[in-house]
Amino acid sequence: MVFGSRARILALLTIVTIALAWQATQLRLQSGFEKRLPLGHPYMETFLQYRDAFGGADRLLIAVRARDGDIFTEHFFTTLQRVTDAVFFLPGIDRSSVRSLFTPNVRFVEIVEGGFAGGNVVPADFQPTPADLARVRENIFKADLLGRLVARDFSAALISAELIAPNALSAAEFDHLQLADQLERIRHAFVDDQVDIHIVGFAKAMGDVAEGAVGVVAFFGVTFLMIALLACAFLGSITLTSLVLGCSLMAVLCSLGGLSLLGFGLDPLSILLPFLIFAIGVSHGIQMISAYGAEVALGVDGPTAARLAFRQLLRPGWTALVSDLLGFLAVALIEVRILQELAIAAAIGIMAVILTNLLLLPMLLSLIGGSAGAAPPVAERLPWLYRSMSSLARPTGATLSLLAGLLLLMGGLAETRHLRIGDLGPGLAELRPESRYNQDSAFIASHFAIGVDVLQVMVETVPNGCIDHEIMAAIDRFQWHMANVPGVRSTLSLPQLAKIVHAGWNEGSLKWRVLPRNESNLAQAVAPIETSSGLLNADCSVMPVLIFAEDHQADTIERIVAAAKSYAATDRSENYRLRLAAGNLAVMAATNDVVKAAQIPILVYLYTAIVALCLLTFRSIRAVLCIVLPLGLVSVLVYAVMAALEIGLRLSTLPVAALAVGIGVDYGIYIYSRLDHFSRLGLELAQAWRATLRVTGKAVLLTGLTLALGVASWVFSALQFQADMGLLLAFAFLANMLGALLLLPALACLTEAVGQRWR
């Protein structure tokens with residue numbers, strides 16, 4: 001039916017490919033903070049409920065630093081004012097949240113003979129004269145801004161701002177990458193030999209990742225060239241190599257076009273997806289070429305060889321690709337939009353591979369004649385390898401192979417105990433430690449007591465709870481407890497400021513820096529603190545405690561969240577409740593929880609699907625064991641490698657295990673299918689295995705080596721994320737290839753022996 005309608009199918013696939021290729025040109029890099037929120041987690045319910053009142057987790061910090069000396073110079077203050085104005089008018093910035101020495105929401109209060117006096121830290125009539133600079137210096141002390149908006153050593157001043165949350169009624173999200181570009185323009189406009197600027201925040205982080213992702217295209221080009229050269233050397237034909245690479249690229253174009261057609265963008269952290277689709281396409285394409293070449297070598301004409309290859313590989317190829325598809329869809333079970341978009345894009349790509357490499361490729365082979373399928377020169381030099389590997393299908397070789405696999409399994413399981421969830425180092429894990437963003441982050445962390453890493457614990461209470469001494473004292477105790485947790489840089493809460501104001505009403509005496517028990521006095525202490533401070537809402541029924549962390553490493557987040565949860569569990573009252581959580585650390589903590597909870601179910605769903613598909617395809621328990629057991633070993637070893645290389649399990653690396661299984665199942669299904677075919681022809685297992693190696697085994701060897709060498713070049717990428725993925729994918733390609741070639745025949749030998757004894 002397929003080859004009888006060849007002309008119509010080719011025309012249809014050509015039209016669809018051209019349309020999707022044009023659609024792919026409309027695809028743009030997109031990034032959004034909302035896409036990374038694990039909305040099913042309880043913390044996110046709190047986060048979304050109070051985001052409008054107390055701000056979200058999408059914050060920016062811009063530190064203006066004096067290269068020499070301190071900030072009290074005319075040039076520095078002129079630059080700081082101009083940078084503040086530039087940040088204030090950036091699109092997407094919540095202007096009420098902008099805080100700087102020059103914004104009117106940064107004020108000081110002092111005690112004078114007649115009572116209180118105060119004003120803006122930088123007064124309206126400020127001129128950068130020595131006298132006014134000295135006055136601002138005094139105001140900084142009065143406002144207690146050291147470590148908050150001014151560096152502890154007076155070397156820098158901070159500008160902080162929050163981004164407006166995407167409008168729930170709008171289909172479009174704010175373009176973080178555009179904002180990152182504008183922030184970089186601000187940096188270039190104001191940096192000179194006296195002043196430097198450091199910028200951190202989600203928008204800038206994604207901008208730097210996107211900038212590094214541009215280099216990914218160059219690495220893809222290098223990888224493509226390496227794969228083309230190696231494939232041509234193995235296949236011995238430029239025509240066949242061109243067909244494999246062309247069909248695989250068509251699958252990539254269809255995947256990207258489908259993504260654009262659905263209205264999605266390509267996230268910087270999903271930039272590696274096109275290569276994964278390409279790799280899967282190359283794997284299946286080489287199998288088709290290998291089967292075609294084997295038939296041509298037997299004297300069959302080209303069109304007939306193409307039909308026979310199509311018939312032979314349709315069932316195992318379909319099974320393998322559906323397994324890949326289910327592997328990606330398993331990732332979509334996690335309620336994080338960026339992973340769901342990744343899974344959808346990958347699913348489109350796998351369906352495209354089914355059309356291009358299982359359907360289109362054999363039809364194209366039927367058009368080129370049999371001359372292009374001559375025996376590849378490199379493959380013809382491998383009989384010695386086939387003879388030596390045939391021993392794996394005999395009892396002695398099989399026993400040694402299985403013992404080696406068992407030792408690797410034991411070592412891998414021991415190492416996986418050290419696998420950690422979340423980020424394992426300071427700064428942004430997706431960028432190199434020496435990157436500008438991570439250097440900026442290190443500077444701000446070392447000079448200020450606040451940062452972008454903040455956890456907000458909401459204290460929900462009755463209206464006017466801020467004038468109830470019991471409630472305020474409870475918040476104060478919680479803040480003190482959290483301030484002494486290792487990893488906490490500083491804390492901030494309403495009682496903390498209320499005590500300072502109360503002392504101010506009593507001549508500033510430190511003895512009066514307490515929470516008054518009298519309701520009127522407490523109201524007097526709380527009254528000057530506005531809702532814009534982010535420490536209370538309009539009716540004083542919710543009062544957040546802000547906990548600033550030293551970093552966002554997994555251990556730090558786990559320690560702080562555990563301390564807050566433990567305290568909240570023991571401090572119960574009818575009048576108030578400690579509720580976690582908001583802030584970017586809440587998002588990270590929720591994400592880590594989701595990743596930890598999802599890693600095992602994803603593999604369970606995936607392996608269950610593979611077992612079911614293998615049973616449906618081969619109707620044999622033996623087939624399931626031979627295909628699935630090597631995959632299980634590779635899954636363990638991938639986690640072990642991540643632990644050894646100190647690569648944390650997070651949103652960007654979570655799909656790796658599923659990808660490793662998806663890549664490996666192709667090898668196992670193809671090899672077992674061919675081994676089963678030769679066994680049914682009456683060959684003994686060792687002979688069937690040698691025949692399998694000549695046709696399918698060499699294709700698996702070629703695919704594993706070619707793809708592993710191709711991605712190995714990624715270790716030189718400017719993105720730490722791509723370098724890590726390059727190492728993991730290279731290992732996965734090689735491990736799956738070796739598992740299929742070394743363990744599968746040994747398992748087949750073992751199961752055959754067990755079956756004979758059972759009978």
Side-chain angles (χ1 to χ4, degrees), residues 1-3 6 9 13 231 234-235 237 240-241 243-248 250-251 279-298 300-325 350-368 370 372-373 376 379 610 613-614 616-619 623 626-627 662-681 688 691-704 736-737 740-741 744:
M1 182 184 67
V2 169
F3 283 82
R6 183 172 58 188
I9 292 176
L13 288 177
F234 272 88
L235 297 177
S237 168
L240 295 179
T241 303
L243 288 177
V244 171
L245 298 181
C247 288
S248 301
M250 284 178 62
I280 292 172
V282 167
S283 176
H284 289 270
I286 288 177
Q287 289 292 342
M288 186 66 71
I289 295 294
S290 180
Y292 169 79
E295 297 296 334
V296 171
L298 294 175
V300 179
D301 63 274
T304 304
R307 290 172 181 256
L308 291 174
F310 175 75
R311 289 178 182 178
Q312 292 168 8
L313 298 186
L314 179 61
R315 186 177 67 166
W318 173 268
T319 304
L321 286 169
V322 171
S323 299
D324 295 341
L325 180 64
I350 295 299
M351 289 187 285
V353 170
I354 293 174
L355 293 176
T356 58
N357 292 71
L358 284 188
L359 189 65
L360 175 62
L361 181 57
M363 286 193 291
L364 293 175
L365 288 172
S366 70
L367 297 175
I368 65 174
I610 290 174
L613 286 169
C614 289
L616 184 64
T617 302
F618 299 104
R619 304 183 186 279
C626 292
I627 294 171
I663 293 166
V665 75
D666 298 349
Y667 301 159
I669 288 175
Y670 276 123
I671 284 182
Y672 186 85
S673 176
R674 182 64 66 167
L675 180 64
D676 183 60
H677 168 73
F678 285 122
S679 296
R680 291 178 184 274
L681 294 178
T692 300
L693 287 173
R694 290 182 179 276
V695 181
T696 303
K698 68 182 181 184
V700 169
L701 179 65
L702 162 63
T703 303
N736 279 307
M737 180 263 289
L741 293 177
L744 192 150

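Note that this is a predicted model, so its numbers are computed, not measured.
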TODO: For the residue pair Ser323 and Ile669, establish whether any side-chain heavy-atom pair is separated by less than 4.5 Å.
DONE: yes
Open item on the list: Run Glu295 and Thr304 through side-chain contact (heavy atoms from CB on, under 4.5 Å) and show every step you take.
Closed with: CA-CA 9 Å; Glu295 297 296 334; Thr304 304; over 6 Å; no
Open item on the list: I'd like to check Ile280 versus Asp324 (side-chain heavy atoms, cut-off strictly below 4.5 Å). Are they in contact?
Closed with: yes
TODO: For side-chain contact (heavy atoms from CB on, under 4.5 Å), just list the numbers for Val665 and Asn736, CA-CA rounded to whole Å, side-chain angles, deciding distance to a tenth of an Å, and then say yes or no.
DONE: CA-CA 8 Å; Val665 75; Asn736 279 307; over 6 Å; no
TODO: Taking the six-membered ring for Trp and the full ring for Phe, Tyr or His, determine whether the centres of Phe3 and Phe310 are under 6.0 Å apart.
DONE: yes
- [ ] Decide whether Thr703 and Ser283 meet the rule of one side-chain donor and one side-chain acceptor closer than 3.5 Å.
- [x] no
TODO: Check step by step if side-chain contact (heavy atoms from CB on, under 4.5 Å) holds for Val244 and Met288.
DONE: CA-CA 9 Å; Val244 171; Met288 186 66 71; over 6 Å; no
TODO: Evaluate the side-chain proximity of Leu13 to Thr356: yes if any heavy-atom separation is below 4.5 Å, no if none is.
DONE: no
Open item on the list: In the structure I gave you, are the side-chain heavy atoms of Arg674 and Gln312 within less than 4.5 Å of one another anywhere?
Closed with: yes
- [ ] For the residue pair Ser673 and Arg315, confirm or rule out a side-chain donor-acceptor distance under 3.5 Å.
- [x] no
Task: Closest approach of Phe618 to Ala623 (non-hydrogen atoms, all atoms of both residues) - done: CB-CB, 3.6 Å
- [ ] Give the intermediate values and the outcome of side-chain contact (heavy atoms from CB on, under 4.5 Å) for residues Leu741 and Leu693.
- [x] CA-CA 8 Å; Leu741 293 177; Leu693 287 173; 4.0 Å; yes
TODO: Write down the atom of Met363, the atom of Ile9, and the distance for their closest heavy-atom approach.
DONE: CE-CG2, 3.3 Å
- [ ] Mind listing the closest non-hydrogen atom pair of Ala740 and Tyr667 along with its distance?
- [x] CB-CB, 3.7 Å
Open item on the list: If I take atom CG from residue Leu364 and atom SG from residue Cys247, how far apart are they, to the nearest 0.5 angstrom?
Closed with: 5.0 Å
Open item on the list: Given 3.5 Å as the limit, does a donor-acceptor pair link the side chain of Thr319 with the main chain of Thr617, or not?
Closed with: no
TODO: With the side chain counted from C-beta on, respond yes when Ile286 and Lys698 share a heavy-atom pair under 4.5 Å apart, and no when they do not.
DONE: no
Open item on the list: Please report the interatomic distance CG(Asp676) to CD1(Ile671), rounded to the nearest 0.5 Å.
Closed with: 13.5 Å
TODO: Drop me the distance from Asn357's CG to Leu321's CG, to the nearest 0.5 angstrom.
DONE: 8.0 Å
TODO: Decide yes or no for Val300 and Leu308: does some side-chain heavy atom of the first lie under 4.5 Å from some side-chain heavy atom of the second?
DONE: yes
- [ ] Mind listing the closest non-hydrogen atom pair of Ala688 and Phe678 along with its distance?
- [x] CB-CB, 3.7 Å
Open item on the list: Just verifying a value: how many Å separate Trp318 CH2 and Ile354 CD1, rounded to the nearest 0.5 Å?
Closed with: 4.5 Å
TODO: For Ser237 and Thr241, work out which heavy atoms get closest and say how close.
DONE: O-OG1, 2.8 Å
Task: Between CE on residue Met250 and CG on residue Leu360, distance to nearest 0.5 Å - done: 5.0 Å
- [ ] For residues Gly668 and Ile627, report the shortest heavy-atom separation together with the two atoms involved.
- [x] O-CG1, 3.8 Å
Open item on the list: Working to the nearest 0.5 angstrom, can you tell me the gap between Leu367 CG and Leu243 CG?
Closed with: 9.5 Å
